[in-house]
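For reference, the structure discussed in these notes is given below.
Sequence positions, counted from 1, serve as the residue numbers for this chain.
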Amino acid sequence: MTNIQLIATDLDGTFLSDDKTFDKALFKVVLERLKAKNIGFVIATGVHQERIEMLLADFLHAGLFYVTNNGARVSAPNGEVLYNQAIPWSVLAQIQTLITAFEPKPDQGLVYSTDDTAYIPRSFSHLATDDRLKYFKKVILFDDVSEIVTPIFKVTMNWIDFDENKLYAAAKQALDHQVHVTETGTGAIDIVPAGVNKAVGLKVLADNLGIQLSQVAAFGDGGNDIEMLTQVGYPYIMPNTKLSGDFLPVVADNNHAGVLRTILTILDKSSVS
């Protein structure tokens with residue numbers, strides 16, 4: 001019998017289908033069964049809180065925990081922030097210098113983000129389309145990071161047909177251990193504070209709940225899930241992932257409610273054990 005006390009899932013490519021929807025009726029069933037067993041449910045994602053609240057608008061009072069911004073922020077169902085780690089102002093200035101000098105420039109956008117606000121360099125304003133920024137409450141243009149007055153959790157950039165290893169190498173040389181660079185799960189790259197990842201956020205949450213990471217199940221599909229998957233007791237990977245290792249299989253892909261169906265399978269097995 002498993003001893004799962006908490007279940008975490010990535011969003012894009014994992015919990016959400018390719019069209020950014022999910023089976024709401026099935027999710028309600030899963031949450032009811034988890035509640036009956038006193039098992040918590042966590043959204044562990046690279047995206048910010050405002051986007052999550054739009055995607056999960058019908059479940060804002062369903063008792064969900066959140067690890068957002070690739071681990072930079074952790075919050076409880078009542079909205080209490082259990083942990084947040086912003087990028088230091090001095091490091092933001094270095095990130096700006098790096099991106100200014102780096103070629104090619106992000107041709108699909110550049111955003112310095114809080115949980116609800118997108119700060120965009122004025123030189124990238126032509127990429128700030130409604131479709132790309134619909135998940136932010138506010139959009140503020142700036143010329144220099146010194147104008148930003150709100151703590152920034154991550155800097156996100158995106159290219160078409162780009163080898164992300166080039167940015168990883170440039171960031172390593174310019175910023176060394178001051179930041180953590182990771183993919184977002186949506187095809188972009190995030191720069192987050194040093195020492196921040198989804199596993200760190202889950203550890204904060206597990207400690208708060210009085211459980212061990214060995215009692216956590218997690219679902220993921222991308223490079224920003226790897227720390228989380230390698231540190232929990234029950235790591236599940238999606239069938240369409242490029243990740244490899246000693247992971248558990250999901251019963252279906254993200255377009256066929258694989259996460260939710262796997263959770264039901266777990267619960268069914270524990271009920272008869």
Side-chain angles (χ1 to χ4, degrees), residues 2 4 6-27 29-31 34 41-48 51-52 54-56 59 64 66-71 108-109 131-132 135 154 156-168 180-190 192 197-199 201-202 213 216-269:
T2 60
I4 295 173
L6 188 69
I7 295 177
T9 183
D10 172 50
L11 284 180
D12 296 289
T14 303
F15 182 80
L16 297 176
S17 61
D18 291 346
D19 64 2
K20 308 305 179 186
T21 63
F22 61 97
D23 189 328
K24 295 182 180 180
L26 187 58
F27 191 31
V29 171
V30 167
L31 289 178
L34 290 176
F41 193 85
V42 191
I43 300 297
T45 176
V47 303
H48 55 286
R51 183 186 178 202
I52 296 170
M54 291 182 183
L55 292 169
L56 302 180
F59 296 90
L64 306 181
Y66 302 97
V67 173
T68 61
N69 296 298
N70 275 320
Q108 295 300 295
D131 181 64
R132 290 173 176 163
Y135 294 118
K154 63 177 181 175
T156 304
M157 57 213 78
N158 201 355
W159 290 261
I160 290 179
D161 297 326
F162 175 70
D163 180 4
E164 62 270 17
N165 289 316
K166 294 180 179 179
L167 181 71
Y168 294 156
H180 174 55
V181 184
T182 184
E183 66 178 61
T184 65
T186 60
I189 294 175
D190 273 353
V192 297
N197 56 60
K198 293 183 183 181
L202 275 184
L213 283 179
V216 178
F219 294 81
D221 75 310
N224 63 336
D225 299 316
I226 192 67
E227 293 92 352
M228 171 176 74
L229 291 170
T230 54
Q231 294 193 39
V232 300
Y234 304 88
Y236 289 85
I237 58 171
M238 304 305 292
N240 54 341
T241 183
K242 295 181 180 179
L243 300 178
S244 61
D246 189 18
F247 302 123
L248 300 167
V250 175
V251 300
D253 65 21
N254 62 306
N255 290 316
H256 297 88
V259 170
L260 296 176
R261 290 170 58 189
T262 301
I263 293 173
L264 289 178
T265 298
I266 295 170
L267 294 174
D268 289 341
K269 288 182 178 178

Check your understanding: Asn69: what forms a side chain to side chain donor-acceptor pair (under 3.5 Å) with it, not counting sequence neighbours?
Key ->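 Scan of Asn69 (side chain to side chain donor-acceptor pair (under 3.5 Å), adjacent residues dropped) gives Asp115.
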Non-hydrogen atoms of [X] and [Y] that approach each other most closely:
X      : Y      : result
His48  : Lys154 : N-NZ, 4.1 Å
Asp246 : Pro235 : O-CG, 4.1 Å
Lys198 : Gly46  : CE-N, 3.9 Å
Tyr236 : Ala217 : CE1-CB, 4.4 Å
Ala218 : Val232 : CB-CG2, 3.9 Å

Practice item. For Asp19, check side-chain contact (heavy atoms from CB on, under 4.5 Å) against everything at least two apart and list the hits. Key: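 Applying side-chain contact (heavy atoms from CB on, under 4.5 Å) to Asp19 gives Ser17, Thr21.
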For residues 254-263, which side-chain donor-acceptor pairs fall under 3.5 Å, sequence neighbours excluded?
from, atom 1, to, atom 2, distance (Å)
Asn254, ND2, Leu16, O, 3.0
Asn254, ND2, Asp18, OD1, 2.9
Asn255, OD1, Asp18, N, 2.8
Asn255, ND2, Asp18, OD2, 3.0
His256, ND1, Asp253, OD1, 2.7
Arg261, NH1, His256, O, 3.3
Thr262, OG1, Val251, N, 3.0
Thr262, OG1, Gly258, O, 2.7

Review point. Any chance the rings of Phe27 and Phe59 have centres within less than 6.0 Å?
Key: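 Here the rings of Phe59 and Phe27 have centres that are less than 6.0 Å from each other.
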Check your understanding: Ring centroid separation for Phe15 and Phe22, is it under 6.0 angstrom?
Key ->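 Ring centroids of Phe15 and Phe22 are less than 6.0 Å from each other.
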Practice item. Would you give the length of the straight line joining atom CD1 of Ile43 to atom OH of Tyr66, rounded to the nearest 0.5 angstrom? Key: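 Result: 7.0 Å between the selected atoms.
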Practice item. Please check if the side chain of His180 supplies one atom and the backbone of Asn70 the other of a donor-acceptor pair under 3.5 Å. Key: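 A pair under 3.5 Å: no.
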Point to revise | Side-chain donor or acceptor of Thr230 paired with backbone N/O of Glu227 under 3.5 Å | key: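 Looks like yes, one N/O pair under 3.5 Å.
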Practice item. Considering only NZ, NE, NH1 and NH2 on the basic side and carboxylate oxygens on the acidic side, decide whether Asp221 and Lys242 come within less than 4.0 Å. Key: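 No.
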